[in-house]
Number of protein chains: 2
Amino acid sequence: MQSFLKYIQSIANISDTSWQFLLPALSTTKLKKGEFLLKENQVCNALFFIETGFCRSFYNKEGEEKNTSFHFENEVVTNINSFGTGEKSAYNIQTCEPTSLIIVDKLKLIEASKHAPEIETVGKKCLRLTASKLEEHSSLFKLYSPQERYEYLESNHPQILQRVSLTQLSSYLGMARETLSRIRSRRTN
Amino acid sequence: MQSFLKYIQSIANISDTSWQFLLPALSTTKLKKGEFLLKENQVCNALFFIETGFCRSFYNKEGEEKNTSFHFENEVVTNINSFGTGEKSAYNIQTCEPTSLIIVDKLKLIEASKHAPEIETVGKKCLRLTASKLEEHSSLFKLYSPQERYEYLESNHPQILQRVSLTQLSSYLGMARETLSRIRSRRTN
DNA sequence: GTCGCTTTGTGACGATCGTCACAGGTAGGT
DNA sequence: ACCTACCTGTGACGATCGTCACAAAGCGAC
């Protein structure tokens, strides 16, 4: 819970009273590896803050899983679109490791915002952070070849390379598992 | 101006008085084909609503222009990230046709929000719309091959195909001009 | 430890797509 | 109408990457 408070304060100053209003919207849970935070066709009615562990978001395309992002400790993960509009999610969010989460319930969050408008500001910044992440990932594909995308991660997000398995990572980078394996062996020789 | 009011009302109800507060933030301009709404390394300090004409956003990668989106009549275009944080823009926004715009000045917009908090809600929805667009475009590359991406546009955004030139479109779809030309001739035969 | 399952490495081959080159078309300016 | 500049179509060729197949290595459960 401490880590979540720190996270909130890092993106916007929030008063003690606002925090007190926010508390009732929060709950915690621990998930095993492979459990789902959100499944496709479900409506997303919560934000998830990751205390420990990590998760991936992925589409299911004719049985193939296509990763779109990874989410680590001290990050918020959700489906913005589904959370905002109440539409069904087009993708899944699943743990890649045992993961401990803080869940922010949507309805209770809206309730809290009524009493403490500061919370709205936090929400807006969260939205913007997620949008930036989306923008980064889409420009990866726009600007770089498979090989260059790998190099981009090496210099900009090395932690992803360290923690994510080859199979998962290849899907994230939009290339075949074998291609990624070859890129790696080329670069370490 | 009428079309912008309609747009606002379509995404959130807004009272007459709020609209009166918003008006001073607005101005209009007409740009020729090829003029810039925003250049890379500039800070984005406005939202642009397109009355007529259309625009593209593009990165410059070693002299090559990589389109990331097109924006048509009755849409708002901006660089969310730069607008929100005050950082420099990594990409350009340029007209593809003679275009008439309504400019929403950032500072005056913030001023207006203070008097009419409804305006905040509109801003948040705008942000979400832009984020959805980003998400769609990035999943295009995640899920589909070049050929499939073209087919996706055919069924989901036919207006893009009608109005955008082959060269511009190929850059948007992340393939060579020649490849797109061949896909087209294959499908019409 | 050992068995079995999952993940990773590597070779061969073919398809797709990008690059280069050039011809034909189209549009705008004078 | 003409010229120029830009945009589009098409052929040839090669590089990259995906697919298939199988071997090697890692990891958990018992």
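Note: hydrogens, waters and symmetry copies are ignored here, and every other heavy atom, side chains too, is used. Here the structure is a predicted model, which means the values were calculated and not measured. Letters go in sequence order (proteins before strands), and every chain restarts at 1.
- Ring pair A:F21/A:H115 is parallel by interplanar angle, where below 30° counts as parallel and above 60° as perpendicular.
- Judged by distance alone, the side chain of A:E120 and the main-chain N or O of A:P117 form no donor-acceptor pair under 3.5 Å.
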- Query: Do B:F141 and B:R149 pass the side-chain contact (heavy atoms from CB on, under 4.5 Å) test, and can you show the C-alpha distance, the side-chain angles, and the key distance before you say yes or no?
  - Reply: CA-CA 8 Å; B:F141 282 85; B:R149 294 202 285 273; 3.7 Å; yes
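- Note on A:E136 versus A:K133: no salt bridge recorded, every NZ/NE/NH1/NH2 to OD/OE distance being 4.0 Å or above.
- Within 6.0 Å of the NZ atom in B:K61, the count of heavy atoms belonging to other residues, nucleotides or ligands exceeds 12.
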- Message: Can you build the contact string for nucleotides 6-23 of chain D? Use B for base contact, S for sugar-phosphate-only contact, and - for no protein heavy atom under 4.0 Å.
- Response: --BBBBB----SSBBB--
